[in-house]
Every structure is written in C-alpha cells, then in structure tokens.
Amino acid sequence: MTAWTRKDLTGLDELSTGEITFLLDTARAFKGVGERSLKKVPALRGKTLVNFFVEPSTRTRTSFEVAAMRLSADVVNISATASSLQKGETLKDTALNLQALRADIIVLRHSSPGSSKFLSQRLGSSIINAGDGAHEHPTQGLLDIFTIREKFGKIEGLHIAIVGDILFSRVARSNIFGLLKLGAKVTLVGPSTLVPKSFEKLGARVSHRIDDILADADVVNLLRIQHERQRKEYFPGLGEYISLFGLTKPRAEKLKPGCLVMHPGPINRGVEIDSDVADGKQSVILEQVTNGIAVRMAVLYACAGGAQIPAP
Ligand code: CP
C-alpha cells in the first residue's frame, strides 16, 4: 500500500497521520536539494504548474514557484487583477480553461472557504490549496510542523501555543489539525472574541491569558490580526491587544531557553510580536520560510504521483 494516493491537497483535516508523516519525510529528503550547488531534480520535468493567486501573497506564491522550478516543472503565474475574473468569469470556468491549457497542477489562493475542494471535485488537474479564506492553509501548517519536528526531532508530547486571531486564521486551523494528529498538546491563546471556547471541540485547549503559557510552551506561534476578514472590532484597540497578548521582550524572557518563536508572516512588528523578539535568537521565522520550499516540493511531487519518498 502506498502512503500517498491523492491528486489534491485541500486541507490537513482530511489527511491521516501516515499521509502527513509521508509529506514531512518527503520534504526532509527534498531539503537537501536546496543545499546543493545544483538545486534541481527532474521529478516534475514536462509538468506545468499554474500559480493562481486571487489574494495577495509573498511567501507562498514565491516558494511554490521556487519549489516547482527545483523539480524542473514549467511555471505560470496569474493573479486576480490580470485574469478574466475581472470580466465576470467564474472561478470554475477560469480553472477549466487553465486545465484546457494543460495545467497539470493548479495552486489556488482564494478568499472563499472550500474553493480548492470545489475545484478538486470538478477538475482532473491537481489542486493545491494555498489558503482558502479562514478555512485552511495546509502547506503553511506542514512547514510549521516540519520546522518544529526538525528542531525537536518529534512532535508528540510537545506543548505548542498558538497566539492571536485564531477565529479568522486558516494557518491556525491547519496547525491545529496537523499538530493534534501527530500527538502535540495545543493551546490557543487570545481574546475570547477571537479564541472562542468552541475551539476546544477540536481537541485544543483555550486560554485568554498569554502569561499563563509562557513558562511551559515548547513553541509559541504568533498570528497577526486578520483585519481583511474581520467585519467588526473584536478588541478595543491595538494598545490593549499588545499589553494583553503581544510577545513583548519582558514576556519573551519568561520563555524556556529552547522554546521556538514562530510566525507564518507577514509579521506586524510591535503588535503581535516585538521587533527584537522577531529578530532574536529563539526566532525561527525565516527558517520557516526556507522550509516552505522543501515542503511544497514534497506536496507537488506527491500530488503529481510520486508515491515513494525520494532518495536523499
Ligand atoms: N504565510 C503566508 O501565507 O504568507 P503570504 O501571504 O506572503 O503567502
């Protein structure tokens, strides 16, 4: 039995522990490619990838492009403003046209939850979810988990605190699903308006006091406030948010020496994280970005039919 038989990656919620582990192990094998002078393997030679981003992105779009190029695929980038979505074409029709242009893989970022799943059920091309509204961002979840596993050698038994705007965060959901499947203890921290108790149904713990988790956490993963998805004010002001939930320098001094400080980016310096902490010795924020290439190589390789972990 192969460890991976899917053509799409739409979320971590639907993956088994074995499938997540397969992608992490495949990413570990591909990470070595980026450390060689010749950073290319022929695994996806002859395949065409379309990066279709209907929302802005720096890290995800660029690292999917770099990942595809390292696998020798051909890459086309299109954005919402440069596409015929502007003329009223539907997402489905646009995607069917990309398929008619023989796109083997479509990487989609879209503001609508479920958009990737919708296309995956209607197209033969592989669909990779690069963020669908506040639902999931599975490759970000995988690269976060990959980075933690690389540092600690395991996920099981670690205490991961995810701090900030959980309600509107697709990164939080993918992290929660993946980390819990791999045996981590997950605590969600933030104001009750942005971290409702209902998240406990997923198996995570909920806390409204960041100071209660600092000394015990193995990882603190900070999230920015997703103003673009909020339709009302969820806390009185940024000053109050920083004083109650920001990872300030005095708070960072209470972390265990080995605790990792993480952030998916883009960071808002001086809001969810102090600038010195973001650049400090416990921060792995830029390592997360680098690991995104290996993780996305693994996802593209797997969804294109690579069912065995490649030799390093
Ligand atoms: N973390 C993340 O998704 O960043 P981008 O929006 O820049 O892709």
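In listed order, ligands and their atoms are each counted from 1. Computed from a predicted model, the values in this text were never measured in an experiment. Every heavy atom of this structure was used, including side-chain atoms; hydrogens, water molecules and symmetry mates were not.
Protein heavy atom at the shortest distance from atom 1 (N) of ligand 1 is Pro264 O, 2.9 Å. The protein atom (non-hydrogen) at minimum distance from atom 4 (O) of ligand 1 is Arg59 NE, 3.0 Å.
In this structure, Glu272 does not pair ionically with Arg251, as no charged nitrogen and carboxylate oxygen lie closer than 4.0 Å. Remark: Glu14 engages Lys117 in a salt bridge, criterion side-chain N to carboxylate O under 4.0 Å.
Proximity to Gly265 (heavy-atom distance under 4.0 Å) selects the following atoms of ligand 1: 1 (N), 2 (C), 4 (O). Atoms of ligand 1 lying under 4.0 Å from at least one heavy atom of Thr58, given by number and element, are 5 (P), 7 (O), 8 (O). Of all atoms in ligand 1, listed by their number and element, those nearer than 4.0 Å to a heavy atom of Thr60 are 2 (C), 3 (O), 4 (O), 5 (P), 8 (O).
At a 4.0 Å cut-off, at least one heavy atom of Arg109 sits close enough to ligand 1 to count as contact. Ligand 1 lies nowhere less than 4.0 angstrom from a heavy atom belonging to Gly131.
Neither side chain, Arg102 nor Thr48, offers a donor N or O lying under 3.5 Å from an acceptor on the other.
The salt bridge (Lys or Arg N to Asp or Glu O under 4.0 Å) test with Arg149 singles out one residue from Asp218, Asp144, Asp25, and that residue is Asp25.
Relative to the ring axis of Phe64, Arg296 places its NZ or CZ within 45° and under 6.0 Å from the centre.
Note on ring orientation: taking the six-membered ring where Trp is involved, the planes of Tyr301 and Phe30 are perpendicular (angle over 60°, cut-offs 30° and 60°).
Not a single N or O atom of Arg61, backbone or side chain, sits closer than 3.5 Å to an N or O atom of ligand 1.
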